[in-house]
Structures are given as C-alpha cells and as structure tokens.
Amino acid sequence: MPSDATLFGAIALPSGRSTAGVNLQEWLYLELREAMLAGRLAAGSKLPGSRTLAARLGVARGTVQAAYQQLLSEGYAVSRTGSGTRVCLELPDAKQRVFPRQRGGGAQIPVRRIPPSTEWLERLQTATPAFARRKVAPGLRPFFPMRSDVRSFPIDLWRKLHIQQMRSSKLEALLDYDAAGLPSLRHAIADYLGCARGVHITADQIVVLSSVQQGIDLCLRLLVPPGESVWMEDPGYPGVRQLMAVAGCEVVGVPVDQQGMRVEDGIQAAPKAKLAYVTPSRQMPTGHELSPARRLALLRWASASGAYIIEDDYDSEYRFIAKPIPALRAMAGADESVILAGTFSKLLFPSARLAYLALPTHLVDVFTRAVALTSRHPNSLSQAVLAAFFDQGHFERHVRRMRKRYSLRAEALNCAAQAHWQGLIEVPEIRAGLDIACSLLVGSESEAGRRIEEANVDVLPLSPFFQAPVSAGFLLGFAPYEERSLFEAALAVRKALQNHRLLL
C-alpha cells in the first residue's frame with residue numbers, strides 16, 4: 001500500500017495554488033481525479049488524511065474535505081470507518097460525469113460548481129444530512145425506525161378541528177402571530193409539560209418551532225462561538241452531530257453506557273465546553289436513561305462552567321414499564337441552564353412540523369428575535385388546530401391509547417426475536433420509545449443489511465450513530481407495524497441471514 005509520501009509524489013500537486021478562475025476546492029478535486037484516471041493513484045490506494053494534505057498544501061482542511069466529498073459522491077473514492085478514504089477499484093466515466101459535451105459535438109465545457117464563499121458553506125458541503133438520501137420502500141415496512149403509526153392517528157377528528165378553525169369567526173388563525181408561537185398553544189404546551197414531564201414553566205418561556213433540528217441550530221448559533229467545544233453523546237443522533245460540525249464547533253464525543261452519558265468523561269475531555277446535548281429520558285439510540293447521579297453531575301458542571309444543556313425529549317412519553325420519568329429540566333437548579341426541546345412529529349405525525357423549546361427566562365427574548373428574523377413563525381393554522389387538540393383532551397387520550405398499542409408491539413417484537421433470531425440478532429428489553437438498538441451477532445453490518453434489504457425488510461445500521469468504530473447492529477422500529485407483520489419480517493430476516501452463510 002503506498003504511503004502518504006508516495007501519494008504526494010504521485011499526485012505532484014503544487015503548493016496550494018489553483019489556476020485562474022478555478023477555486024481551491026475545484027482545483028484539488030480535478031488534480032486528484034486526474035491522478036486516479038491516469039493511474040498515478042492506484043485503485044484501492046489510500047488517500048492522505050485531510051488534515052495532513054491540508055497542511056502540506058497550505059489550504060483549509062475544509063477545502064480538502066469538500067474535494068474528498070465530491071470524489072466520494074461521484075464514485076471515484078470510497079470511505080469506510082477505520083480504513084480512511086481510498087480510490088475506488090472501478091472508476092466511473094469521468095467524461096460523462098464531469099465534462100459533458102455540447103450538443104453539436106464541440107469543445108467540452110466544465111460543469112460550473114458553487115464556489116465555497118464562506119467557511120460555513122465549506123463545512124456544509126462535507127455534510128450529507130443524516131438519512132436524507134437513504135432509500136426506503138414506500139409505505140410502512142418493518143423494521144424501519146423513528147416512525148409513529150400514522151394509520152392510528154384520529155385523522156377525521158383532526159380534519160374536523162381544522163375545518164372549525166376555518167370558520168368566519170376564527171379567521172384570525174390565517175394571520176401572522178407572535179414569532180414565539182400562538183399564545184393558546186404555548187399555554188397548552190406549558191400545562192402539558194407540568195403534568196406529563198414535571199416541568200413547571202410559564203407559557204412565556206415556550207417558543208414554537210418547525211422542528212427540534214431548527215431549535216438546536218438556533219442554540220448553536222446563539223450560544224456557541226465558532227471553534228468552541230460542545231459535548232455530544234456517543235453514540236448519538238447523527239443529525240445533531242452534523243449541525244454541530246457545520247456550525248464550526250469542536251464536537252467532543254462523550255461515551256454512553258447503561259447509565260447514560262458518562263459525564264465525568266466529558267469533564268475530563270472538555271471541561272470548558274459551552275454546551276452539552278443529551279437525551280436523558282431515553283438515550284438515542286441505546287434507550288438507556290441518564291442515572292440520577294449523572295443528572296446531578298451534569299447540572300453541577302453546567303452551573304459551575306456557565307454552559308448550557310440541550311435536553312432532547314423526543315419520544316419519552318411512550319414508556320411501557322412505568323410512568324414517564326420527570327425531565328432533566330424539572331430538577332432543582334435546571335432553570336438557568338437547561339433548554340428542553342420537544343417535538344410533535346413522533347406524537348402526532350411527521351408532517352405536522354411543530355416542535356418547541358422550553359427556555360430559561362433570560363434566553364426568551366433573544367431566541368424570539370432570532371426566530372422572527374430567520375423564519376417568522378411556524379404555520380399558525382396548524383398551531384391553532386393543535387391547541388384545540390390539546391384543549392379538548394384529544395392529545396392526552398391519543399398518547400394514552402398509542403402507549404398501550406406500542407407496548408403490545410414491543411412485546412411482539414421481543415417474542416419474534418426469541419422465536420427467530422437466537423444467535424443472530426440480540427434484542428434487549430424494550431422499555432420505551434418507538435424503536436430499539438439491537439446487536440448483530442453474525443457477519444458484518446453492511447453485508448447483513450444488504451441481505452436483509454433483499455428480503456424486503458428495512459433496517460437502519462447503528463454505525464452512523466457512532467463517532468468511533470463499534471460492534472455491528474441495527475436500530476429496529478416496531479411502533480407502526482402490526483404484530484403479524486413483525487413476526488413475518490422477523491422470519492424473513494432469519495432466512496436472509498442463514499441462507500447466505502453469514503453464520504460462517
């Protein structure tokens with residue numbers, strides 16, 4: 001395998017200067033691609049690390065990462081955890097992909113690409129939104145996770161409430177509202193948080209948004225200067241990790257075990273971090289709860305360091321073995337440091353596009369100003385319908401009904417795993433939520449996933465949730481699937497793994 005030094009000589013790159021009219025990223029991409037096509041970079045050879053190549057050329061690391069990302073997306077390079085970025089064994093036809101001819105057969109015209117005009121844009125070009133390009137079969141097919149059962153949602157009731165808001169006496173719902181959200185909905189959310197999550201706040205501390213992702217983006221922009229450290233659960237939701245990286249943060253992965261985030265590890269690695277992201281009520285994706293001792297340690301660290309904590313409360317309402325545990329935001333001393341983020345996408349349906357932040361009092365004004373400037377406010381008509389859904393008691397009844405239904409389906413998945421997956425996939429006890437992280441006991445994650453997909457079953461690999469290489473596994477959803485379909489899919493998975501000799 002060629003060394004980095006050999007690769008530098010083979011590419012024969014100049015010292016970080018592009019030709020006129022070509023930006024550095026485009027120039028580097030073209031040089032690397034030409035070296036691959038000419039054979040100076042052999043098929044299967046490892047490319048230099050982005051940090052090493054950036055230092056050698058005297059360019060920003062983001063420039064190298066963007067060039068590598070373009071090579072990956074066009075099929076000239078492949079990247080695997082633990083083995084770096086390598087030249088593909090079979091290269092695509094560069095003339096068709098990069099230099100399309102004019103219709104008359106004249107000279108080739110290079111494709112114009114957007115030049116990265118800012119560091120933020122450079123970082124954005126290296127990030128593919130989590131799961132955005134994953135192909136999923138239409139409809140509901142086990143075991144794809146992070147889905148609620150939209151077929152069980154009372155859509156006729158929702159439509160009736162929607163029509164009621166369109167009456168001539170209520171047409172104010174069609175107008176603009178306060179950027180923080182519809183007052184009636186904010187009061188309903190505050191009341192709900194007090195009863196269901198033990199969080200006692202006022203409606204004035206609620207800001208309604210379109211998604212939790214939007215809320216986290218605002219937190220990073222307003223509370224974390226570029227280059228500062230932030231804590232991220234490892235494993236954790238990759239969409240948040242990507243937001244942190246694009247925002248220019250130094251992302252510090254804090255390990256997770258059966259008691260949740262290992263707070264002491266975070267303090268040792270980055271004691272002066274500006275922000276910590278946690279899912280304490282049901283860790284994403286492991287499902288563990290943050291222990292009382294670690295909750296207290298996390299709050300003490302935030303208070304002493306002046307850091308903020310984002311508590312993502314994404315599906316903790318669906319707890320099967322006991323009542324939902326109180327939120328971290330409900331603990332004494334959390335008022336000034338914890339920002340509670342919640343979504344209705346899991347509780348109602350994804351296209352509802354309504355979420356909220358429960359903020360410390362001193363942050364309300366600045367966040368409201370930021371929302372007013374960047375997005376004004378979410379759909380006010382949808383907010384009015386959801387407020388009525390709350391006020392008439394439908395929300396509580398719906399959550400209670402779905403909790404029972406999801407509990408039965410969690411039990412069905414456990415039974416199916418016991419019947420079909422012994423020695424193949426290990427499914428832990430399902431205590432809450434819409435999905436469960438499972439360990440793959442045979443074969444590689446990529447090969448097993450491909451075989452399972454060929455059997456018309458959807459699974460989501462666990463590897464994207466980790467910053468460091470880990471053992472193989474899948475995140476399996478059960479909430480939207482009938483018991484019979486769970487058993488049938490489990491049988492199909494067993495046949496897929498056994499028939500292709502993954503046991504060897």
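Values in this document were obtained by computation on a predicted structure and should not be read as measured data.
At a threshold of 4.5 Å between non-hydrogen side-chain atoms, the residues E289 and R431 count as touching. Using a 4.5 Å cut-off on side-chain heavy atoms (C-beta onward), M402 and S152 make contact. Considering only heavy atoms from C-beta on, R221 comes within 4.5 Å of D217 through its side chain. Contact of the D435 side chain with the L476 side chain is not registered, since no non-hydrogen atoms from C-beta on lie closer than 4.5 Å. No side-chain heavy atom of L290 sits under 4.5 Å from any side-chain heavy atom of Q259. Within the 4.5 Å cutoff, side-chain heavy atoms of P235 are placed close to those of V256. Here the side chains of S184 and F390 are not in contact, with every heavy-atom distance at 4.5 Å or above. In this structure the side chain of F143 never reaches within 4.5 angstrom of the side chain of I452, judged on heavy atoms.
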task = List the steps, then state whether side chain to side chain donor-acceptor pair (under 3.5 Å) holds for Q283 with T286.
result = CA-CA 6 Å; Q283 202 278 328; T286 66; 2.7 Å; yes
task = Let me see the working for I339 and I309 under side chain to side chain contact (heavy atoms under 4.5 Å, CB included), right down to the final yes or no.
result = CA-CA 6 Å; I339 300 169; I309 302 167; over 6 Å; no
task = For Q25 and T63, run side chain to side chain donor-acceptor pair (under 3.5 Å): C-alpha distance rounded to whole Å, both residues' side-chain angles, the deciding distance at 0.1 Å, then the answer.
result = CA-CA 5 Å; Q25 176 200 325; T63 299; over 6 Å; no
task = Report the C-alpha separation of D312 and R282 in whole Å, then their side-chain angles, then the decisive distance to 0.1 Å, and conclude whether the salt bridge (Lys or Arg N to Asp or Glu O under 4.0 Å) test is met.
result = CA-CA 9 Å; D312 191 342; R282 199 179 87 85; over 6 Å; no
Evaluation steps, side chain to side chain contact (heavy atoms under 4.5 Å, CB included), between Y356 and T343 = CA-CA 6 Å; Y356 61 88; T343 178; over 6 Å; no
inquiry  = Pair R294, D257 - check salt bridge (Lys or Arg N to Asp or Glu O under 4.0 Å), show working.
reply    = CA-CA 11 Å; R294 291 187 181 175; D257 59 23; 2.6 Å; yes
query = Taking it one step at a time, do L218 and L220 satisfy side chain to side chain contact (heavy atoms under 4.5 Å, CB included)?
reply = CA-CA 5 Å; L218 286 174; L220 294 172; over 6 Å; no
task = For the pair S281 and R197, evaluate side chain to side chain donor-acceptor pair (under 3.5 Å) and give the outcome as yes or no after the intermediate values.
result = CA-CA 10 Å; S281 296; R197 310 298 295 122; 2.9 Å; yes
ask   = Between S305 and K272, is a side chain to side chain contact (heavy atoms under 4.5 Å, CB included) present by the stated rule, with each step listed?
value = CA-CA 6 Å; S305 65; K272 296 183 179 180; over 6 Å; no
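Note that the OG atom of S345 and the OH atom of Y314 stand 14.0 Å from one another [nearest 0.5 Å]. Separating the CG atom in L475 from the CZ atom in F144 is a distance of 8.5 Å, to the nearest 0.5 Å.
Using a 4.0 Å cut-off between charged side-chain N and carboxylate O, K346 and E317 make no salt bridge. The pair D191-R186 does not count as a salt bridge, with every side-chain nitrogen at least 4.0 angstrom from each carboxylate oxygen. A salt bridge links E482 with R409: the closest approach of a Lys/Arg side-chain nitrogen to an acidic carboxylate oxygen falls below 4.0 angstrom. Under 4.0 Å is where a charged nitrogen must lie from a carboxylate oxygen, and between R295 and E311 no such pair does. R451 and E454 are joined by a salt bridge, as a carboxylate oxygen and a charged side-chain nitrogen come within less than 4.0 angstrom of each other. Between R329 and D335 there is a salt bridge, since a side-chain N of the basic residue sits under 4.0 Å from a carboxylate O of the acidic one. Under 4.0 Å is where a charged nitrogen must lie from a carboxylate oxygen, and between D458 and R141 at least one such pair does. Residues K160 and D156 are not paired through a salt bridge, judged by the lack of any N-O separation under 4.0 Å between the basic side chain and the carboxylate. One finds no salt bridge joining D149 and R401 here, because no Lys/Arg side-chain nitrogen approaches an Asp/Glu carboxylate oxygen to under 4.0 Å.
What you find for V371 and A179 is that their closest heavy atoms are CG1-O, 3.5 Å. For the residue pair G433 and D315, the shortest heavy atom distance occurs at CA-OD2, 3.4 Å. For the residue pair Y308 and H362, the shortest heavy atom distance occurs at OH-NE2, 2.8 Å. The shortest non-hydrogen separation linking C219 to I310 is CB-CD1, 3.6 Å.
With hydrogens and angles ignored, the 3.5 Å screen pairs no side-chain donor or acceptor of S210 with any backbone N or O of L354. W301 places a side-chain N or O within 3.5 Å of a backbone atom of P271 that can act as its donor or acceptor partner. In this structure, Q165 contributes its side chain and V385 its backbone to no donor-acceptor pair below 3.5 Å. The backbone N or O of S382 lies less than 3.5 Å from a partner atom in the side chain of N379, making a donor-acceptor pair. Of the possible donor and acceptor atoms, one in the side chain of D234 sits under 3.5 Å from a partner among the backbone N and O of Q467. In terms of modelled atom types and a separation under 3.5 Å, the side chain of H398 and the main chain of L347 share a donor-acceptor contact. T374 places a side-chain N or O within 3.5 Å of a backbone atom of A370 that can act as its donor or acceptor partner. A side-chain donor-acceptor contact under 3.5 Å links Q205 to the backbone of T202. Remark: side-chain polar atoms of W231 are not paired, donor with acceptor, to backbone N or O of I267 under 3.5 angstrom.
Aromatic ring centroids of F395 and Y192 lie under 6.0 Å apart. Taking the centre of each ring, F344 and F349 stay at or above the 6.0 Å mark. Under the 6.0 Å cut-off for aromatic ring centres, W158 and F153 qualify, their centroids lying closer than that.
For R159 and H162, the side-chain atoms include no donor-acceptor pair closer than 3.5 Å. Residues R61 and S50 bring a donor and an acceptor atom of their side chains to less than 3.5 Å of each other. A donor atom on one side chain and an acceptor atom on the other are not found under 3.5 Å apart for S380 and Q383.
In this structure, Y237 and F465 have tilted ring planes: the angle between them lies in the 30° to 60° band.
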